[in-house]
Amino acid sequence: MDQYNELPKTYAPAESEDKIYKNWCEKGYFTPDVNNDAEHFSVVIPPPNVTGQLHMGHALDETLQAIRVRYKRMQGCNTLWVPGTDHAGIATQIKVEERLREEEGLTRYDLGREKFLERVWDWKDKYEARITDQLKKLGTSCDWTRQRFTFDEGCSRAVREVFVNLYDKGLIYRGNRIINWCPNCITALSDAEVEYSEQAGFFWHIKYPIKGEEDAYVEVATTRPETMFGDTAVAVNPNDEKNAHLIGKTLILPMVGREIPVVADEYVEIGFGTGCVKITPAHDPNDFLVGQRHNLPVIKVMNDDATINHWGGKYEGMDRYAARKALVADLEAEGYLVKTVPHAHNVGSCYRCRTTVEPIASDQWFVKMEPLAKPALEVVKNGTVKFEPERFSKIYVNWMENVHDWCISRQLWWGHRIPAFYCRDCGEMTVSKEDITVCPKCGGTHIDQENDVLDTWFSSALWPFSTLGWPEKTPDLEKYYPTSVLVTGYDIIFFWVARMIFSGLEHMGREPFHTVFIHGLVRDAQGRKMSKSLGNGIDPLEVIDKYGADALRFALSTGNSPGNDMRFSDEKMEAARNFANKLWNASRFVRMNLTIEKVELPSADKLAAEDKWILSQYNKTVAAVVNALDHYEVGVALAAIYEFIWDVYCDWYIELTKSRLADKGTEGNLVAQNVLCYVLTGTLKMLHPFMPFITEEIYQALPHDGDAESIMISEYPRANEALDFPRESMELSRVIAAIKAIRMRRNEMNVVPSRRAKVYIETKYPESFGEGTYPFFVRLASASEVEVAASFDEQIVSADNAVQIITDSATVYLPMSDLVDTEKERARLENELKKLDGEILRLEKKLSNEGFVAKAPAAVVDAERVKLAKYKENLDGVKAALAKLK
RNA sequence: GGAGGCAUAGCUCAGCUGGUUAGAGUGCAUGCUUGACAUGCAUGAGGUCGUUGGUUCGAUCCCAACUGUCUCCACCA
């Protein structure tokens with residue numbers, strides 16, 4: 001027995017988890033053989049940002065992936081899980097700038113681009129290492145030899161390749177458009193990077209005097225008065241009778257004095273407000289379009305930091321809000337302000353720093369979305385890419401159908417620099433995969449590379465193939481692309497999933513994955529989103545330290561249904577830890593009683609009824625678990641395993657084997673050992689994807705001759721008909737029902753377990769209550785003796801008014817008359833009678849319903865008939881019991 | 001304005017393809033040092049499955065409307 005590890009009294013996750021993980025790594029189990037011909041299963045990790053450390057949301061995401069990956073690997077797939085991290089352009093740059101300011105009082109400009117980037121790389125190294133460590137602590141079976149980073153050499157090459165390809169196809173263009181500008185991050189943002197929230201504001205109604213007309217003016221309303229410095233027209237709807245006469249007139253901008261025309265444009269809604277709209281093409285997306293239609297000048301009135309520029313005249317240099325305040329005061333003083341109306345409106349803010357974004361016309365790079373969106377819609381609509389749960393495909397389709405061109409340039413330093421080169425001599429712009437030093441047009445050598453970098457999602461979009469070596473034609477790419485499933489939260493469908501899909505289709509010619517498995521958010525115990533500002537975030541590492549990684553994984557995957565948010569609490573962790581402890585102790589018990597060195601399932605003729613029963617239950621569980629996992633029902637699968645381990649294996653089977661285990665040296669003892677071990681080992685394998693560490697630890701302590709050296713490379717259990725023994729299962733369940741019934745009655749009568757009583761079992765199924773079952777009644781139902789018969793002499797069982805217990809298959813008599821409160825007993829039996837009457841009535845009605853008998857499936861009808869017969873039998877028993885009550 | 005989710009035991013949530021005496025964890029009550037586990041064992045109380053209709057032989061489950069609640073998208077000055 002010494003070749004197996006001993007199991008200590010208490011499970012110490014912290015020690016064994018690190019040790020086990022290290023061993024898995026050393027054995028190379030995480031690294032698949034690219035030449036293995038088995039069906040492949042590949043996953044790329046949603047790369048965590050190197051901004052910080054992992055939070056509970058990551059832990060959930062990784063857990064769900066980890067379960068799938070281990071499951072598939074154990075099913076024999078050639079399995080690859082690619083780990084990596086994201087450079088997270090804007091987010092990381094902000095973090096590093098913050099630290100620089102706090103610790104050294106410096107800005108990035110003080111350091112300059114090159115030195116600043118060195119700092120960011122230092123930061124990246126530190127946090128990437130930390131994240132990697134955290135992923136390992138969680139037990140993720142990633143192939144660390146293939147770890148990637150969105151800004152590493154290979155990914156950068158892929159980015160460049162893609163950029164140039166798209167540019168050459170005319171799908172990337174440079175244009176002057178209204179974009180979202182963050183004055184704090186000093187960069188453009190894509191639409192997806194702006195978050196809207198309702199804020200209290202005002203409508204300021206302002207008079208614009210009409211040139212050449214005394215005391216005549218038009219009234220416009222605005223929520224952002226400071227943008228009037230950039231007004232280049234006022235628009236009215238040409239069909240608006242009230243205002244049509246204004247068209248063509250000239251207005252004078254108050255405080256500024258500039259003259260602007262009144263133009264006609266159908267964009268203006270008739271009847272809304274005054275019907276006159278000030279047009280500021282440089283600062284509003286709709287106005288920008290109006291401006292284009294009417295050839296209006298675009299006047300940008302703000303600097304990059306949202307201070308007012310020279311167009312603001314005396315307000316120049318003021319911050320946008322200071323300028324607003326001053327301007328409004330001046331307008332009022334000069335009599336131009338008609339009124340101020342409170343108005344709640346949605347204000348967009350930067351998703352990284354929360355600063356209110358400013359729509360500003362600006363020269364930026366864009367990806368033309370329409371040609372890319374079309375095939376990306378198609379693959380989801382035709383099922384090539386499936387969302388799980390399905391409803392998320394609607395969200396995806398809705399977005400993709402309304403997608404705007406994607407602004408991909410960012411005025412940051414941390415990121416992939418756009419590969420556009422400008423010749424200072426002739427002004428030529430060259431977009432190139434390789435850096436150029438000579439202008440291809442004029443031969444000039446004064447070349448400047450574009451300063452802007454790419455949106456961080458531009459590189460994430462390529463992740464499923466850039467990580468596999470693209471643009472090289474690598475064996476990995478050949479083998480593992482398309483990947484199998486992408487696991488991620490619903491909050492990232494637009495940012496990432498959508499962009500991966502069209503990128504994969506465009507550059508690889510194939511979808512990047514066939515299933516998108518979407519999960520919800522992890523919330524705190526009160527149901528609030530975990531966030532830094534609320535301070536309610538929970539660090540997964542702390543939880544792991546306290547309860548173990550397995551417990552965390554259990555807590556995150558149990559009771560979690562796909563796509564739904566979940567709450568996380570200490571209570572859940574305790575329940576998870578308790579489950580691990582239960583499994584541990586059950587295994588300890590099995591281990592303690594082992595004398596065999598090799599597990600072999602005994603032949604059917606040697607198995608006892610309870611062995612056949614547990615094997616059948618086990619087999620049923622395997623089938624249920626596999627089915628649930630195949631349908632991404634992680635919570636359902638785990639619930640089935642939990643129930644089997646706790647309520648079936650521990651509470652019943654182990655108890656039922658105890659008498660045989662006590663009889664050392666008998667054949668029954670050996671059979672029990674083998675079955676205990678066989679089922680436990682299979683159960684551990686079933687559970688392994690969910691709780692990898694504890695299952696490995698126990699597996700190593702059990703005999704597994706001929707089986708894999710590690711549970712993680714063993715074969716996942718499969719449903720097996722040879723383990724099904726329906727007849728014996730049913731027979732044993734009769735015994736269990738009788739034991740439960742006895743316990744219940746004794747408990748009701750407040751009889752302590754130590755007080756034993758003889759048990760008479762009157763049954764039509766004596767074969768179910770063979771002598772082998774007697775010890776069960778002694779052990780589990782406080783029986784002193786057991787007697788079984790088809791019918792007992794009245795004298796024996798009712799002479800002293802024994803307690804009668806009616807089950808589906810037997811009537812049990814307990815001669816404990818001194819304990820019986822006859823009135824209570826009568827009331828109980830009558831209550832039982834009422835319940836049964838009700839059920840019988842319900843079923844009879846159902847069965848006499850012609851529609852039901854005719855239309856319901858035969859199996860359903862039969863089942864109802866059997867049920868009815870059973871209830872009737874019980875009813876007779878209860879009636880007889882009542883009659884016998886004195 | 002558009003779209004989607006959720007509503008089941010005191011609390012947190014399961015319930016896959018309509019047929020179950022509607023489940024779990026936790027909490028509560030009662031009793032237990034029953035050969036591993038008090039991070040345990042046994043037993044119990046507790047639900048008109050949000051409301052109203054519809055489809056069906058049959059609805060917690062499908063459909064519609066409503067109410068409450070959360071979220072996403074768009075955004076009219």
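Here is how names work: the chains are called A, B, and so on, in the same order as the sequence lines, proteins then strands, and each is numbered from 1. This one's a predicted model, so the numbers in the text were calculated from it and none came from an experiment. What you see below is based on every heavy atom in this structure, not just the backbone, and it leaves out hydrogens, waters and symmetry mates.
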Participant: Expressed as a whole number of Å, how far does the P atom of B/G50 sit from that of B/U12?
Facilitator: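 My reading of the P atoms in B/G50 and B/U12 gives 15 Å.
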Participant: Answer yes or no: is there an ion pair linking A/K870 with A/E873, defined by an N-O contact shorter than 4.0 Å?
Facilitator: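 Looking at A/E873 together with A/K870, the answer is no, because their closest N to O distance does not fall below 4.0 Å.
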Participant: Going by an N to O cut-off under 4.0 Å, is there a salt bridge joining A/D524 and A/R567?
Facilitator: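 The answer is no: the pair does not qualify as a salt bridge.
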Participant: Can you check the distance between B/C49 and B/U56, where both ends of the measurement are the P atom (answer in whole Å)?
Facilitator: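 Roughly 23 Å separates the two P atoms.
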Participant: Nearest whole Å is fine: how far is B/G4 P from A/M400 CE?
Facilitator: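 After rounding, the gap between these two atoms is 19 Å.
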Participant: What pairs of residues pass the salt bridge (Lys or Arg N to Asp or Glu O under 4.0 Å) test when at least one of them lies in residues 190-207 of chain A, not counting sequence neighbours?
Facilitator: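 Residue pairs with at least one partner in residues 190-207 of chain A: A/E193-A/R410, A/E195-A/R354.
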Participant: A/R743 side chain to A/L780 main-chain N or O, any donor-acceptor pair under 3.5 Å?
Facilitator: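 Flag set: sc A/R743 to bb A/L780 pair under 3.5 Å.
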Participant: May I ask you to decide if the ring planes of A/H343 and A/F203 are parallel, tilted or perpendicular, using 30° and 60° as cut-offs?
Facilitator: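 Answer is parallel, since the angle falls under 30°.
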Participant: Say we look at B/A64 and B/G25: how far apart would their P atoms be, to the nearest angstrom?
Facilitator: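 These two P atoms come out 36 Å apart once rounded.
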Participant: For the pair made of CD1 in A/I395 and C1' in B/U71, what is the distance, rounded to whole Å?
Facilitator: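 Rounded to whole Å, this separation is 9 Å.
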Participant: Please list, pair by pair, any protein nitrogen or oxygen found under 3.5 Å from a nitrogen or oxygen in nucleotides 75-77 of chain B.
Facilitator:
unit_1: B/C75; atom_1: N3; unit_2: A/N346; atom_2: ND2; d: 2.7
unit_1: B/C75; atom_1: N4; unit_2: A/N346; atom_2: ND2; d: 2.9
unit_1: B/C76; atom_1: OP1; unit_2: A/N286; atom_2: ND2; d: 2.9
unit_1: B/C76; atom_1: O2; unit_2: A/E269; atom_2: OE1; d: 2.7
unit_1: B/C76; atom_1: N3; unit_2: A/E269; atom_2: OE1; d: 2.7
unit_1: B/A77; atom_1: O2'; unit_2: A/A221; atom_2: O; d: 2.9
unit_1: B/A77; atom_1: N6; unit_2: A/E269; atom_2: O; d: 3.3
unit_1: B/A77; atom_1: N6; unit_2: A/F272; atom_2: O; d: 2.4
unit_1: B/A77; atom_1: N1; unit_2: A/E269; atom_2: N; d: 3.4

Participant: For atom C1', what is the distance between B/G19 and B/C13, given to the nearest Å?
Facilitator: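 Result for the C1' pair: 25 Å, nearest Å.
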Participant: In whole angstrom, give the distance that lies between atom CD of A/E390 and atom P of B/G5.
Facilitator: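 Distance, rounded to whole Å: 10 Å.
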Participant: Please report, rounded to the nearest Å, how far the C1' atom of B/A74 is from the NZ atom of A/K394.
Facilitator: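 Whole-Å distance recorded here is 19 Å.
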Participant: At under 4.0 Å between heavy atoms, which parts of nucleotides 33-43 of chain B does protein reach? Answer with one letter per nucleotide, 5' to 3': B base, S sugar-phosphate only, - none.
Facilitator: --BBB-BSSBS
Participant: In whole angstrom, give me the gap between the P atoms of B/C62 and B/G1.
Facilitator: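 Pairwise P distance, B/C62 against B/G1, rounds to 28 Å.
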Participant: Measure from CG on A/L847 to C1' on B/C57 and round the result to the nearest Å.
Facilitator: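 Answer to the nearest Å: 12 Å.
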Participant: Strictly under 4.0 angstrom, non-hydrogen atoms only: write out the protein contact profile of nucleotides 9-22 of chain B, one letter per nucleotide from the 5' end, B, S or -.
Facilitator: ---SSSSB--BSB-
Participant: Just how far, in rounded Å, is C1' of B/G58 from NZ of A/K845?
Facilitator: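 My rounded result for the distance is 12 Å.
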Participant: Sequence neighbours left out, what pairs pass salt bridge (Lys or Arg N to Asp or Glu O under 4.0 Å) with at least one residue falling in residues 640-653 of chain A?
Facilitator: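 Listed by first then second residue: nothing to list.
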Participant: Looking at A/K546 and A/D570, is any side-chain nitrogen of the basic one under 4.0 Å from a carboxylate oxygen of the acidic one?
Facilitator: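 Salt bridge: yes.
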Participant: How would you list, by chain and number, every residue that makes a salt bridge (Lys or Arg N to Asp or Glu O under 4.0 Å) with A/K381, sequence neighbours excluded?
Facilitator: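 Only A/E401 meet the salt bridge (Lys or Arg N to Asp or Glu O under 4.0 Å) criterion with A/K381.
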Participant: Show every salt bridge (Lys or Arg N to Asp or Glu O under 4.0 Å) that has at least one partner inside residues 843-853 of chain A, sequence neighbours left out.
Facilitator: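 For residues 843-853 of chain A, and leaving out neighbouring residues, the salt bridge (Lys or Arg N to Asp or Glu O under 4.0 Å) pairs sorted by first residue read A/E844-A/K872, A/K846-A/E864.
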Participant: Expressed in whole Å, how much space separates the C1' atoms belonging to B/G47 and B/G23?
Facilitator: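 Result for the C1' pair: 11 Å, nearest Å.
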Participant: With sequence neighbours left out, write down each residue that passes side chain to side chain contact (heavy atoms under 4.5 Å, CB included) with A/A549, or none if nothing qualifies.
Facilitator: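 Side chain to side chain contact (heavy atoms under 4.5 Å, CB included) check on A/A549 returns A/E17, A/I544, A/F693.
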Participant: Identify, with sequence neighbours excluded, every residue that meets side-chain hydrogen bond (donor to acceptor under 3.5 Å, both in side chains) alongside A/E839.
Facilitator: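 If we apply the side-chain hydrogen bond (donor to acceptor under 3.5 Å, both in side chains) test to A/E839, skipping adjacent residues, the hits are A/R842.
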Participant: Please tabulate, for side-chain N and O atoms in residues 273-285 of chain A, each donor-acceptor pair with protein atoms closer than 3.5 Å (sequence neighbours left out).
Facilitator:
unit_1: A/T274; atom_1: OG1; unit_2: A/E219; atom_2: O; d: 2.6
unit_1: A/T274; atom_1: OG1; unit_2: A/C276; atom_2: N; d: 3.3
unit_1: A/K278; atom_1: NZ; unit_2: A/T227; atom_2: OG1; d: 2.7
unit_1: A/K278; atom_1: NZ; unit_2: A/D231; atom_2: OD1; d: 3.0
unit_1: A/K278; atom_1: NZ; unit_2: A/T280; atom_2: OG1; d: 3.0
unit_1: A/T280; atom_1: OG1; unit_2: A/D231; atom_2: OD1; d: 2.7
unit_1: A/H283; atom_1: ND1; unit_2: A/P359; atom_2: O; d: 3.4
unit_1: A/H283; atom_1: NE2; unit_2: A/V301; atom_2: N; d: 3.0
unit_1: A/D284; atom_1: OD1; unit_2: A/N286; atom_2: N; d: 2.8
unit_1: A/D284; atom_1: OD1; unit_2: A/D287; atom_2: N; d: 3.0

Participant: Could you summarise the pairing of RNA chain B as dot-bracket text, marking Watson-Crick and G-U pairs under 3.5 Å with ( ) or [ ] inside the strand and | across strands?
Facilitator: (((((((..((((.....[...)))).(((((.......))))).....(((((..]....))))))))))))....
Participant: What is the distance, rounded to the nearest whole Å, between atom CZ of A/R745 and atom C1' of B/G44?
Facilitator: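 Spelled out: CZ on A/R745 to C1' on B/G44 is 13 Å.
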Participant: To the nearest Å, how far apart are A/F495 CZ and B/C72 C1'?
Facilitator: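 The distance from CZ of A/F495 to C1' of B/C72 comes to 12 Å, rounded to the nearest Å.
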Participant: Within 45 degrees of the axis of the six-membered ring of A/F589 and under 6.0 Å from its centre: does A/K658 put its NZ or CZ there?
Facilitator: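 Relative to the ring axis of A/F589, which defines the angle, A/K658 lies inside both limits.
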Participant: Could you tell me how far B/G40 sits from B/G58 if I compare only their C1' atoms? Round to whole Å.
Facilitator: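 Pairwise C1' distance, B/G58 against B/G40, rounds to 43 Å.
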Participant: Determine the interplanar angle of the A/F392 and A/Y490 rings, folded into 0 to 90°, and report it as parallel if under 30°, tilted if 30 to 60°, perpendicular if over 60°.
Facilitator: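 A/F392 and A/Y490: parallel rings.
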Participant: What's the gap between B/C32 and B/C37 when it is taken at their C1' atoms, as a whole Å value?
Facilitator: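 That atom pair is separated by 15 Å.
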Participant: Go nucleotide by nucleotide along RNA chain B from the 5' end; which of A/G851 and A/D647 gets its closest nucleotide reached first?
Facilitator: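 It is A/D647, whose closest nucleotide lies nearer the 5' terminus.
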Participant: A/K620: which residues meet the side chain to side chain contact (heavy atoms under 4.5 Å, CB included) condition with it, sequence neighbours left out?
Facilitator: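 Side chain to side chain contact (heavy atoms under 4.5 Å, CB included) list for A/K620, sorted by chain: A/Q617.
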